[in-house]
Q: 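I have a structure I would like to understand better, so I am pasting it below and will then ask my questions one at a time.
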Amino acid sequence: MAKEEKARATKEQAKGKAKEAMGRMTGNERMTAEGKADQVKGDARQAKEKGKDTFKH
C-alpha cells in the first residue's frame with residue numbers, strides 16, 4: 001500500500017508541475033493555480049507516507 005501511495009504522490013506532483021507550466025505558457029491563471037494545488041496534494045501525500053515510514057522503523 002505504501003508503494004502505491006508514494007507512486008500516487010509522485011504522479012500528482014508531476015501532473016501538477018505540467019499543468020502549472022501549461023497554465024503559465026497559455027496565460028491561464030486557473031490552470032496554473034490548479035497545477036500548484038495538485039503539487040501541494042502530492043507533497044502532502046508524500047509527507048504522510050514518509051511519516052509512516054519513520055514510525056515503522
Q: Please give the remaining members of the hydrophobic cluster of Val40, linking ILVMFWY side chains under 4.5 Å, ordered by chain and number.
A: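 None, because no other hydrophobic side chain comes under 4.5 Å of this residue.
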
Q: What residues form a side chain to side chain contact (heavy atoms under 4.5 Å, CB included) with Lys17, not counting sequence neighbours?
A: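 In terms of side chain to side chain contact (heavy atoms under 4.5 Å, CB included), with neighbours along the sequence ignored, Lys17 is linked to Gln39.
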
Q: Is a salt bridge present between Arg45 and Glu49, judged by a nitrogen-to-oxygen distance below 4.0 Å?
A: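 Salt bridge absent between Arg45 and Glu49.
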
Q: Report the residues that fulfil side-chain hydrogen bond (donor to acceptor under 3.5 Å, both in side chains) with Asp43, sequence neighbours left out, ordered by chain and then residue number.
A: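 Residues passing side-chain hydrogen bond (donor to acceptor under 3.5 Å, both in side chains) with Asp43: Gln13.
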
Q: Output all residues satisfying side chain to side chain contact (heavy atoms under 4.5 Å, CB included) with Lys36, sequence neighbours left out; order by chain, then residue number.
A: Glu20, Arg24, Thr32

Q: What pairs with Lys11 under salt bridge (charged side-chain N to carboxylate O under 4.0 Å, His left out), at least two apart in sequence or on another chain?
A: none

Q: Considering all heavy atoms of both residues, which atom of Ala9 and which atom of Gly42 are nearest to each other, and what is their separation?
A: CB-O, 3.5 Å

Q: Quick one: CD on Glu4 to CZ on Arg8, what's the gap to the nearest 0.5 Å?
A: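 Reported to 0.5 Å precision, the distance equals 10.0 Å.
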
